[in-house]
Amino acid sequence: MEELLAKHRKEQKDLQARITQKKKSATKKTRRGINEECDRLQTELSERHQAEIAELIGEPAPPVDDLEDLSLNASEEDKTLKDRTDDLQDPPPTENSTSTSLATSESSAPSPRPKKPNRQKARLARRAAEQAAQSAIAAEEAANQKDNRGDEQEVMNGVFKRLGLKQVEIKPDGHCLYSAIAYQLEMLGLGLKPDPKRIILETPTQTRIDTVASPQHDGYRAVRAVTADFINEHQDDFVPFMEEPLELYTRKIKLTAEWGGQLELLAISRAYGVEINVIQGDGRIEKIESDTQEYDDEQKSKRVIWLAYYRHTYGLALRRRETWALFINLSIIRYAF
């Protein structure tokens, strides 16, 4: 049974790949025909799998409707035709042969029709086999599944311990990246207002900074505005990597909960003159460095921000584009200090 189920899984996987390819290549004119063809292929494969399972467990496959009746009717017609031919060839019976003919006819009477297989029983058997196959697949997947969350957290804890970092929770929403930055800027004593030599803030941005109630709770509003302003002032450095117009892109940064990624971290690093270190789930540390020549070594050592990037621990909905490999599928940014 296991070999048959493995064969069925492979055939189903191959068919799904074929169906996916067919549907991708479909046009408006051919979509309907391709969908019908895909449905037919799926139906044929399912029926064949059911028949093979029924045969393996010893249950007869359900006959095609009226096939058995046709076979019986055909055999009866053939028998009648043969009897008529024999009547034409054999001489009329005599009185002495009457009893013999009677006995012969009684002994040659047609046997009862064979009992049809129980279709309901066959259906139940197929259903039980399908459930068993699904249970086997689920068990196999569960056995082979890795504990990605546990492994990731274990690696993170090891890095935190090695670097002497303490992890601080940040609310897991679309503002988490900016909230983590705002919290650390305040903890480092740098504040939410960047150096005027690095960026000229627009009036609404300055207002956002001045009206922040708590960097930990609404500081993200100020960091978002500063990030958008910096990208606007340095369009040539960022536009080539965007997949949408600059105005729309920066508007999302300022006014929505759009998640931040690599471009936003680069803009933050340059606007505030800080080095951003992102700890990955495999233990790597990605550095985003800014030009900090105006600071001495002691000042530079204090202008370092640490972020932890989790891929598996939280499993939130993913919103970022798949072209940014470093921060693709951003699930949560935690602050570590």
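All figures in this text were calculated on a predicted structure; none of them were measured in a lab.
Atom CD in Glu47 sits 9.0 Å away from atom CZ in Arg126 (nearest 0.5 Å). Here the CD-CD1 distance, from Gln216 to Ile170, works out to 6.0 Å after rounding to the nearest 0.5 Å. With values rounded to the nearest 0.5 angstrom, Asn157 atom CG is found 4.5 Å from Gln153 atom CD. Separating the CG atom in Leu248 from the CD1 atom in Ile253 is a distance of 10.0 Å, to the nearest 0.5 Å. Interatomic distance, Leu15 CG to Lys10 NZ, rounded to the nearest 0.5 Å: 12.0 Å. For the atom pair CG (Leu265) and CG (Leu177), the distance works out to 5.0 Å, reported to the nearest 0.5 Å.
Using a 4.5 Å cut-off between side-chain heavy atoms of Ile, Leu, Val, Met, Phe, Trp and Tyr, with links allowed through other members, Tyr295 and Leu185 fall into different hydrophobic clusters. Residues Met156 and Leu163 are members of one and the same hydrophobic cluster, defined by side-chain heavy-atom contacts under 4.5 angstrom among Ile, Leu, Val, Met, Phe, Trp and Tyr. Cluster membership for Ile19 and Ile34, using ILVMFWY side-chain heavy atoms within less than 4.5 angstrom, is not shared. Ile199 and Leu246 fall within the same hydrophobic cluster, where Ile, Leu, Val, Met, Phe, Trp and Tyr residues are linked whenever their side-chain heavy atoms come under 4.5 Å apart, directly or through other members. There is a path of hydrophobic side-chain contacts, each under 4.5 Å, that joins Val212 to Leu188.
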Worksheet item: Could you go step by step and tell me if Ile279 and Phe160 meet the side chain to side chain contact (heavy atoms under 4.5 Å, CB included) rule?
Response: CA-CA 9 Å; Ile279 304 174; Phe160 298 156; 3.6 Å; yes

Practice prompt. Please step through side chain to side chain contact (heavy atoms under 4.5 Å, CB included) for the pair Arg224 and Arg208, ending with a clear verdict.
Written response: CA-CA 10 Å; Arg224 278 185 173 276; Arg208 285 173 181 258; 5.8 Å; no

Item to complete: Show the numbers, then the answer: is there a side-chain hydrogen bond (donor to acceptor under 3.5 Å, both in side chains) between Glu52 and His8?
Response: CA-CA 10 Å; Glu52 291 176 355; His8 287 180; 2.7 Å; yes

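Annotation: ring-ring contact (aromatic ring centres under 6.0 Å, His included) contacts of Tyr178 (sequence neighbours excluded): none. Qualifying side chain to side chain donor-acceptor pair (under 3.5 Å) partners for Lys7, counting only residues two or more places apart in sequence or in other chains: Glu11.
When atom types are taken as modelled, the side chain of Thr30 and the backbone of Ala26 share no donor-acceptor pair closer than 3.5 angstrom. Panel note: side chain Glu152, backbone Tyr310; no donor-acceptor pair is recorded below 3.5 Å. Between the side chain of Thr227 and the backbone N or O of Val223 there is at least one donor-acceptor pair closer than 3.5 Å. Not one N or O on the side chain of Asp229 forms a donor-acceptor pair closer than 3.5 Å with the backbone of Leu201. Without hydrogens or angle criteria, Glu36 side chain to Gly33 main chain gives no donor-acceptor distance under 3.5 Å. Formation of a donor-acceptor pair under 3.5 Å by the Gln235 side chain with backbone atoms of Asn232 is found in this model. Panel note: side chain Tyr272, backbone Leu192; a donor-acceptor pair is recorded below 3.5 Å.
In this structure, the side chains of Ile231 and Met242 come closer than 4.5 Å at one or more pairs of heavy atoms. Put simply, the side chain of Lys254 reaches to within 4.5 Å of the side chain of Glu202, judged on heavy atoms. Looking only at side-chain heavy atoms (C-beta outward), Gln50 and Glu130 come within less than 4.5 Å of each other. Between Ser290 and Arg303, every side-chain heavy-atom pair lies at or beyond the 4.5 Å cut-off. Ile288 has its side chain out of reach of Ile268: every pair of non-hydrogen atoms, C-beta onward, lies at least 4.5 Å apart. Residues Leu45 and Arg48 form a side-chain contact, since some pair of their non-hydrogen atoms from C-beta on lies under 4.5 Å apart. The shortest distance between side-chain heavy atoms of Lys23 and Arg31 does not fall below 4.5 Å. Looking only at side-chain heavy atoms (C-beta outward), Ser179 and Lys171 stay at 4.5 Å or farther from each other.
Glu44 and Arg40 are joined by a salt bridge, as a carboxylate oxygen and a charged side-chain nitrogen come within less than 4.0 angstrom of each other. The residues Asp195 and Lys197 are annotated as not salt-bridged, no charged nitrogen and carboxylate oxygen being separated by less than 4.0 angstrom. With respect to Asp14 and Arg18, no salt bridge is recorded, no charged nitrogen being found less than 4.0 Å from a carboxylate O.
Across Asp282 and Arg284, no two heavy atoms sit closer than the pair OD2-NE, 2.7 Å. For the residue pair Ser214 and Asp218, the shortest heavy atom distance occurs at O-OD1, 2.7 Å. The two residues Ala271 and Pro194 make their nearest non-hydrogen contact at O-CB, 3.3 Å. Closest approach of Thr250 and Ala228 over heavy atoms only: O-CB, 3.8 Å.
The neighbour count for Glu294 CD, taken as heavy atoms of other residues, nucleotides or ligands under 6.0 Å away, is above 12. Surrounding CD1 of Ile200 are at most 12 heavy atoms belonging to other residues, nucleotides or ligands under 6.0 Å away. Residue Lys193 places its NZ atom among 12 or fewer non-hydrogen atoms of other residues, nucleotides or ligands, all under 6.0 Å distant.
Geometrically, Arg270 does not engage Phe230 in a cation-pi contact, judged by NZ or CZ lying under 6.0 Å from the ring centre and within 45° of the ring axis.
For the pairing with Lys287, the side chain to side chain contact (heavy atoms under 4.5 Å, CB included) check across Val278, Asn277, Val304 returns one residue only, Asn277.
A distance of 6.0 Å or more separates the ring centres of His234 and Phe238.
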